[in-house]
Amino acid sequence: MTVAGHGLFVALEGGDGAGKSTQIRLLVEHLAGQHAGREVVVTREPGGTDLGRRIRELLLHGDHVAPRAEALLFAADRAHHVESLVRPALDRGAVVVGDRYVDSSIAYQGAGRDLDAVEVASISRWATEGLVPDLTVLLDVDPATGRSRRGAEHDRLEAEPTAFHERVRQHFLDLAAAAPQRYLVLDASRPPQELGAEVARAVDGLLEGVLRA
């Protein structure tokens with residue numbers, strides 16, 4: 001859990017088309033209104049830094065990438081992202097809101113690509129020096145629903161078959177079940193405003209704890 005600087009790290013996870021961008025926007029609006037004195041840093045993986053944007057282009061819009069190389073490229077992005085952006089923001093006391101983090105690698109490369117999920121998790125722990133979000137919001141969506149929301153535009157991972165996305169979804173749920181104290185699992189088919197209210201309540205509670213620390 002985040003301690004240094006009393007920052008707060010919130011990661012949003014879920015399958016493609018789950019509505020992460022909408023929930024991030026709603027959370028940022030809430031924080032601006034209810035916690036106006038606290039810095040908010042919004043970022044994403046891959047692509048939260050200049051280096052990350054280059055890696056993102058290779059991973060999501062380039063030619064075929066071997067599964068193990070894909071996992072290592074995501075880990076490389078994450079190592080640089082955490083050291084250069086996430087940890088400094090937390091040390092300043094900011095709320096960091098991230099679109100994807102370690103769980104995405106474990107689910108997409110571990111389960112989706114049929115790599116060893118334990119090994120993928122170990123690589124990410126090493127890359128991040130063990131940094132874990134204070135809260136992970138898992139927006140659970142049926143792959144068919146996610147696909148219909150995305151429309152015709154898709155990247156390399158979004159274009160994978162339904163079976164791939166079903167494995168990813170199940171592994172996200174397994175990760176949440178293994179550490180329920182860190183996860184807020186929400187049915188992404190519910191109205192966005194309802195989901196946003198639940199996320200805001202959870203973050204408010206954590207920020208109250210930070211203020212008491």
Side-chain angles (χ1 to χ4, degrees), residues 1-15 18-28 30-31 35 38-49 52 74-75 77-111 117-118 120-141 168-169 171-186 188 195-196 198-213:
M1 302 291 276
T2 319
V3 177
H6 298 292
L8 189 75
F9 186 13
V10 181
L12 281 87
E13 297 279 14
K20 295 184 301 303
S21 297
T22 298
Q23 291 308 315
I24 288 171
R25 175 179 57 80
L26 292 173
L27 177 57
V28 170
H30 171 78
L31 291 169
H35 305 274
R38 187 176 287 271
E39 179 188 4
V40 178
V41 175
V42 179
T43 188
R44 67 178 181 175
E45 289 192 355
T49 64
F74 274 110
D77 166 73
R78 186 163 296 125
H80 183 69
H81 183 224
V82 166
E83 181 173 326
S84 64
L85 191 152
V86 177
R87 282 192 187 274
L90 294 173
D91 288 344
R92 295 194 304 270
V95 177
V96 177
V97 181
D99 183 344
R100 299 199 180 281
Y101 190 57
V102 170
D103 289 352
S104 279
S105 283
I106 300 172
Y108 278 84
Q109 281 71 56
V118 174
V120 173
S122 178
I123 290 167
S124 281
R125 279 195 300 272
W126 178 81
T128 63
E129 297 183 284
L131 180 65
V132 176
D134 298 283
L135 173 67
T136 298
V137 178
L138 174 57
L139 298 170
D140 178 44
V141 66
V168 168
R169 180 193 188 189
H171 209 77
F172 272 131
L173 292 171
D174 290 346
L175 289 169
Q181 72 282 356
R182 180 168 66 82
Y183 286 83
L184 174 63
V185 181
L186 300 173
L195 299 176
E198 289 202 39
V199 175
R201 282 194 294 271
V203 172
D204 286 346
L206 288 170
L207 284 172
E208 289 174 9
V210 167
L211 291 172
R212 290 194 299 267

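The basis for the numbers below is simple: all heavy atoms, side chains too, and nothing from hydrogens, waters or symmetry mates.
Checking side-chain atoms of R78 against main-chain N and O of A127 turns up no donor-acceptor pair under 3.5 Å. Judged purely by atom type and a 3.5 angstrom limit, S122 has no side-chain atom pairing as donor or acceptor with the backbone of V118. Distance alone, capped at 3.5 Å, places no donor-acceptor pair between the D140 side chain and the L186 backbone.
Of all non-hydrogen atoms in K20 and G15, the two that sit nearest each other are NZ-O, 3.8 Å. Shortest non-hydrogen contact noted between P88 and V82 is CD-O, 3.8 Å. Summarising the geometry of S124 relative to V102, their closest heavy-atom pair is CB-CG1, 3.6 Å, with the distance given to 0.1 Å. L184 and V199 get closest at one heavy-atom pair: CD2-CA, 4.0 Å. Taking each heavy atom of A188 and V141 in turn, the nearest pair found is CB-CB, 4.1 Å.
Checking each of V28, L90, L207 against V95 for a side-chain contact (heavy atoms from CB on, under 4.5 Å) leaves exactly one that passes, namely L207.
Residues V86 and H81 form a side-chain contact, since some pair of their non-hydrogen atoms from C-beta on lies under 4.5 Å apart. The shortest side-chain heavy-atom distance between S21 and D99 falls under the 4.5 Å cut-off. At least one side-chain heavy atom of Q23 sits less than 4.5 Å from a side-chain heavy atom of L195. Looking at heavy atoms from C-beta onward, V42 lies in side-chain contact with I24 at the 4.5 angstrom threshold. Between L12 and V137 there is a side-chain heavy-atom pair separated by less than 4.5 Å. In this structure the side chain of Y101 reaches within 4.5 angstrom of the side chain of L131, judged on heavy atoms.
Annotation: the span from T43 atom OG1 to E45 atom CD amounts to 7.0 Å, rounded to 0.5 Å. Atom OG1 in T49 sits 10.5 Å away from atom CZ in R44 (nearest 0.5 Å). With rounding to the nearest 0.5 angstrom, the CD1 atom of I106 is 6.0 Å from the NE2 atom of H171. Annotation: the span from F172 atom CZ to L138 atom CG amounts to 6.5 Å, rounded to 0.5 Å. With rounding to the nearest 0.5 Å, the separation of OG1 in T22 from CG in L139 is 9.5 Å. Annotation: the span from L8 atom CG to L135 atom CG amounts to 7.5 Å, rounded to 0.5 Å.
When the side chain to side chain donor-acceptor pair (under 3.5 Å) test is applied to D204, the partners found at least two apart in sequence or on another chain are H30, H35. Under the side-chain contact (heavy atoms from CB on, under 4.5 Å) criterion, A89 pairs with V41, R92, A94, V96, sequence neighbours left out. Residues passing the side chain to side chain donor-acceptor pair (under 3.5 Å) test with S104 are E13, R100, sequence neighbours excluded.
In summary, the aromatic rings of Y108 and F74 are positioned with their centroids too far apart to meet the 6.0 Å limit.
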